[in-house]
Structures are given as C-alpha cells and as structure tokens.
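These notes are about the structure you will find just below.
Side-chain atoms are counted along with the backbone in the values below, which use heavy atoms only and exclude waters and symmetry mates. The structure displayed is predicted, hence computed values, not measured ones.
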Amino acid sequence: MQQEKNLLLHLVKATAATIILFFFVVVAGLVTLTLFPVSDPDVKTTAVKKPATASQGIIFEVYPKEKKIPPPNNGSDTTGLSEIKTGPKPLIAIIIDDMGYDKKIAARLIALDSSLTLSVLPHSPFTREIAVAAHEAGLEVMLHLPMEPVEYPGIDPGPGVLLTDMAPDALLRQLEEDIAEVPHIKGVNNHMGSKLTTQSVQLYQIFSVLKKHGLFFIDSCTTRESLCRPSAGKLQVPFAKRDVFLDNSLSQTDIKGQMGLLLDIAYRKGRAIGIAHPHPETCSALEQYLPLLKERARLVPASMLVESAN
C-alpha cells in the first residue's frame, strides 16, 4: 500500500512539473512573438520608393546610356544657344516630368510663362493640385505613367506602376486608375519603363486604352529596344519620342549645352522634344536660358509635335 502511495505521489509531482514547464514555454513563446514578430509567409508586402525632390537624393529617372553629341560650336559659344541660325524658327516642346511632389517648383515652372508641358505622376501628394494649376495657367498636362524598368524592384517607379507580370485585367485596371488620377491630361509619356516598353503584348493593351481616351503618347526613350513606335502605329495612337534629356547632369553649363543640342536638332529636323525634371537647378537654368531659346525657336505644347507613328 505504501509503495502505491509513493508511486502516485511521484506521478503527481511529475505531472505538476510538466504543467509548469509547459506554462513557461507558452509564456516564453508569447514574449518572443511580441518582441520579435515574424511575418506571415503567405502575406506579401511591397516597399514602394516614391519619387522625391532632388534635395532628398532620390533620382527621378533612370537615364539610358547614350553617346553624348556635342552641340554646335562657332568658336565663341560652346552651347549652341547663342549661335545665329538662319531659316524659319523650328518647333520645340519641353516636357517637365515627375511633377506632383513639389508645389513650389511647380509654381516656379508655371510662372515662367512659357509653353511648357507638365507631365504629372499619379498618386503623388499634389497630383491634382498641380495638374489643375497648370491647366488654369494655360499649360498642357500629361500623365507621367510609371512603368517597370530593368532595374526593378531595386528601383521602383512608385505608385501606380505597370508591371510586366501583371495579368491583362490588372494592368488595364491600374492604367485606368492612373488616367483618372490626373485631371486635364492630353497625352501620356512613360516614367522609367526600360523593361515594359520592350513588351509588345502589354504595349498593345496600353495603347488600346490610350486610343479609347483620345490620348497621344510620347516615348521617353529609356531604352534603345523600345517598341513604342510600332505599337502606337498599329493602334493608330498619335506618337512622338524624346530627343534630348536636358538635365541628366545638373550643372548649369551642361543644361545650357543640352538646350543648345535640342535647338540644333530642332533646326535639322524642324522640331524637337526635350525632357527635364523638377530640380531646383533645372528651374534656375530654364529661368536664365528660356528667353534666349525662345528667340531662336518657337516653344509649343507637346501635343503639337505628335503625329502618326506609321
């Protein structure tokens, strides 16, 4: 009998020890989860890098590698802007990309009283405010459409991006949302997009929507392999392409030189399109050199330089 009592007592002690140990394991687990939470592997999160002002050190565009063509040099001016040219004034459009994050720079650009075209990013803090202000000032407004670059996801074009792995319905839904986000738009150009602009299937889908809305398209030419021109031609979407990035270098001398190059191309072709970005340095250069450019050429909205891509 005594032996049975001892065995029962031993079992009770062992059970109690097990319960206490289990209690401490549960408590320890809860504390660990609280202090060091783990993500659910079935829940995917995407960190979006929003474009920002130059002062924050984030680039607006991924510039393609292009051979630098020096502007004309008559021995006294290395920029081409001051060179006297003969013949009728050519047409030049200057598009300011990546608008939507800086109201002060937008106000400076609008105050230039020139026929600049502002291309506004969707889903940015001041998308609608800047688009409306530009429209009311008589400037043309475009949608700066985020598209997947080769460097994605290391470089993310930001909210509203169109990706190559999107299903057709998802891509078209996102495109419609982006178009609806920016009021008063007359056309579209791509933000980044060095990968997506090489995909003919997605481009046909995109241009079919642009055609439905009566919008033109300007290829920012972020890759030499772009298929935008033939795709736009098949869908009969009015088209043009960028000739010069004006501010891939923020040196005032370099920006002036790029404006001289833009003018030289315009005289050779009769028209040219330059793209710039809302950097303070770019604003300063435009404030200084636009009057000289306007003496040599006629500044027009981007829509005046699009044509059939056939």
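- The aromatic rings of Y63 and H277 stand perpendicular to each other, their planes meeting at an angle above 60°, with 30° marking the opposite boundary.
- A side-chain donor-acceptor contact under 3.5 Å links E140 to the backbone of A302.
- The two atoms that bring N189 and I218 nearest to each other are CB-O, 3.0 Å, heavy atoms only.
- Counting heavy atoms of neighbouring residues, nucleotides and ligands inside a 6.0 Å radius, atom NZ of K104 does not exceed 12 of them.
- At distances below 3.5 Å, not a single donor-acceptor pair connects side-chain atoms of T282 with backbone N or O atoms of P278.
- Between the side chain of S251 and the backbone N or O of T253, at least one donor-acceptor pair lies under 3.5 Å.
- The main-chain N or O of S249 is never found under 3.5 Å from a side-chain atom of D247 such that the two would form a donor-acceptor pair.
- Residues T164 and E148 have side chains that bring a donor and an acceptor to within less than 3.5 angstrom of each other.
- Ring pair F217/F239 is parallel by interplanar angle, where below 30° counts as parallel and above 60° as perpendicular.
- Checked by atom type and distance alone, the side chain of Q252 pairs as donor or acceptor with a backbone atom of E281 at under 3.5 Å.
- Side-chain contact check for M259 versus V244: every heavy-atom pair is 4.5 Å or farther apart.
- Not a single donor-acceptor pair under 3.5 Å links the side chain of S226 to the backbone N or O of C221.
- Judged by distance alone, the side chains of N190 and T197 never bring a donor and an acceptor atom under 3.5 Å apart.
- Heavy atoms only, all atoms of each residue included: P146 and L121 are closest at CG-CD2, 4.3 Å.
- Side chain of S114 to main chain of L116: no donor-acceptor pair is present (N/O by atom type, distance under 3.5 Å, no hydrogens or angles).
- Considering all non-hydrogen atoms of both residues, I92 and L305 come closest at C-CD1, 4.3 Å.
- Around atom NZ of K89, more than 12 heavy atoms belonging to other residues, nucleotides or ligands sit under 6.0 Å away.
- Both Y267 and L290 are assigned to one and the same hydrophobic cluster, defined by single-linkage of ILVMFWY side chains at heavy-atom distances under 4.5 Å.
- Remark: side-chain polar atoms of Q174 are not paired, donor with acceptor, to backbone N or O of V161 under 3.5 angstrom.
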